[in-house]
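One structure below.
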Amino acid sequence: CRRLSPDLMPDYPRILNAGDSALVVEFGNSVDAATNQSVYDFNAALESEGLAGVQEIIPTYRSALVNFDPLVITHVEIEKAIDGAIARANALGTDERQSLTFTLPVLYGGDAGPDLARVAEHNNITPDDVIRIHTSGVYRVFMLGFLPGFPYLGGMDERIATPRLATPRISVPAGAVGIAESQTGVYPMDSPGGWNLIGLTPVQFFDPNAAP
């Protein structure tokens, strides 16, 4: 492999084929709030069209996957719709963007957070310091993934960043609050997992019977 010079780097946003029924729309090559906001602005703009044939839009850190039915909407038509959504998203003012802030109650340490001491030791601080730093942040949901409703939360203070466990746990309880590298997140259901568990919240993140 060779590193591309800056003048050979691709322009963003760009549209890439992902098989015969999906397109990937990339908005950058880094994980940051501005790029991620572009993804969500585009997602909202394309969703608002309500186009027949668009089956699902899946936003990620820096791109969105657009799944469509080629028997309902052609490749040319979906690309045109995507171009229009990008233009509308770019014209969106900051005051037009909508967001929600959720406050989660968390029980830290003990059986609820068996890795709290590990995070503290790794960063040469006390468990109380970890709790204070972790609760002082406002986190951005960059994307949902791994499990339904699992939020990858960015914006965590680097002072409590900690590598994943060398060996993942076979079972992590729903509501477990974890740290992996410089991210934090909440397990929406019982599952295996390798994040450092520092606490537990009673908030239910995923309900298959809820609408939406």
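Everything numeric here is computed off the predicted structure, so don't read it as measured data.
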Between Leu16 and Glu26, does a side-chain contact (heavy atoms from CB on, under 4.5 Å) hold up when you go through it step by step?
CA-CA 8 Å; Leu16 305 174; Glu26 290 189 338; 3.7 Å; yes
Is it true that a side-chain atom of Asn67 and a backbone atom of Gln55 form a donor plus acceptor pair closer than 3.5 Å?
no
Within the side chain of Asn123, is there an N or O that forms a donor-acceptor pair under 3.5 Å with the backbone of Ile125?
no
Parallel, tilted or perpendicular: which one describes the rings of Tyr187 and Phe146, with boundaries at 30° and 60°?
perpendicular
What are the two closest heavy atoms between Ile82 and Leu23, and how far apart are they?
CD1-CD1, 3.7 Å
Apply side-chain contact (heavy atoms from CB on, under 4.5 Å) to the pair Ile160 and Ile198, showing each step before the final yes or no.
CA-CA 11 Å; Ile160 56 175; Ile198 62 171; 5.9 Å; no
Say whether Trp195 and Ile179 are linked into one hydrophobic cluster, either directly or through other cluster members, by side-chain heavy-atom distances under 4.5 angstrom.
no
Would you kindly confirm whether Leu51 and Ile86 end up in one hydrophobic cluster when ILVMFWY residues are joined by side chain heavy atoms under 4.5 Å apart?
yes
With the side chain counted from C-beta on, respond yes when Val172 and Asp190 share a heavy-atom pair under 4.5 Å apart, and no when they do not.
no
Is it true that a side-chain atom of Thr35 and a backbone atom of Asp32 form a donor plus acceptor pair closer than 3.5 Å?
no
Just so I know, are the side chains of Pro70 and Ser21 near enough to count as touching, which here means a heavy-atom distance under 4.5 Å?
yes
Can you list the steps and then say if Gln183 with Tyr152 is a side-chain contact (heavy atoms from CB on, under 4.5 Å)?
CA-CA 7 Å; Gln183 293 188 114; Tyr152 284 89; 3.9 Å; yes
Within a radius of less than 6.0 Å around CG of Asp207, do more than 12 heavy atoms belonging to other residues, nucleotides or ligands occur?
yes
Treat each ILVMFWY residue as a node, draw an edge where side-chain heavy atoms are under 4.5 Å apart, and state whether Tyr139 and Val141 are in one component.
yes
Chi angles and distances behind the salt bridge (charged side-chain N to carboxylate O under 4.0 Å, His left out) call for Asp129, Arg132:
CA-CA 5 Å; Asp129 289 333; Arg132 175 181 54 79; 3.5 Å; yes
Got a donor-acceptor contact below 3.5 angstrom from the Glu77 side chain to the Thr74 backbone?
yes
Is a side-chain donor or acceptor of Tyr40 paired with a backbone partner of Phe142 at a separation under 3.5 angstrom?
yes
Mind listing the closest non-hydrogen atom pair of Val203 and Pro105 along with its distance?
CG2-CD, 3.8 Å
Would Val186 end up clustered with Phe150 when hydrophobic side chains under 4.5 Å apart are linked, directly or stepwise?
no
Please test Phe42 against Phe27 for ring pair (Phe, Tyr, Trp, His ring centres under 6.0 Å), starting from the C-alpha separation and ending with a verdict.
CA-CA 10 Å; Phe42 163 77; Phe27 290 88; 5.5 Å; yes
Nearest heavy-atom approach of Pro59 to Val39 is CB-CG1, 3.7 Å
Verify side-chain hydrogen bond (donor to acceptor under 3.5 Å, both in side chains) between Arg62 and Asn36, making sure each step is shown before the conclusion.
CA-CA 5 Å; Arg62 61 182 189 88; Asn36 188 243; over 6 Å; no
Please confirm whether the backbone N or O of Ile58 pairs with a side-chain atom of Thr60, one donor and one acceptor, at under 3.5 Å?
no
Do Phe68 and His75 have side chains that get closer than 4.5 Å, going by heavy atoms?
yes
Would you say Tyr12 ends up clustered with Met143 if hydrophobic residues are merged whenever their side chains have heavy atoms under 4.5 Å apart, either directly or through other cluster members?
no
Any sub-3.5 Å donor-acceptor pair from Asn196's side-chain atoms to Pro163's backbone N or O?
yes
Could you walk me through whether Asp115 and Arg169 pass salt bridge (charged side-chain N to carboxylate O under 4.0 Å, His left out), step by step?
CA-CA 12 Å; Asp115 298 319; Arg169 288 182 171 89; 2.7 Å; yes
Determine whether Val54 and Asp69 make a side-chain contact, defined as any pair of heavy atoms from C-beta on separated by less than 4.5 Å.
no
Does Asn17 reach the main-chain N or O of Gly19 with its side chain, forming a donor-acceptor pair under 3.5 Å?
no
The test is side-chain contact (heavy atoms from CB on, under 4.5 Å); show your working for Val177 and Thr184 and say whether it passes.
CA-CA 7 Å; Val177 178; Thr184 186; 4.1 Å; yes
Got a sec: does the CD of Glu121 have more than 12 other heavy atoms crowding it under 6.0 Å?
no
Which pair of heavy atoms, one from Met189 and one from Ala174, lies closest together, and at what distance?
CA-CB, 3.5 Å
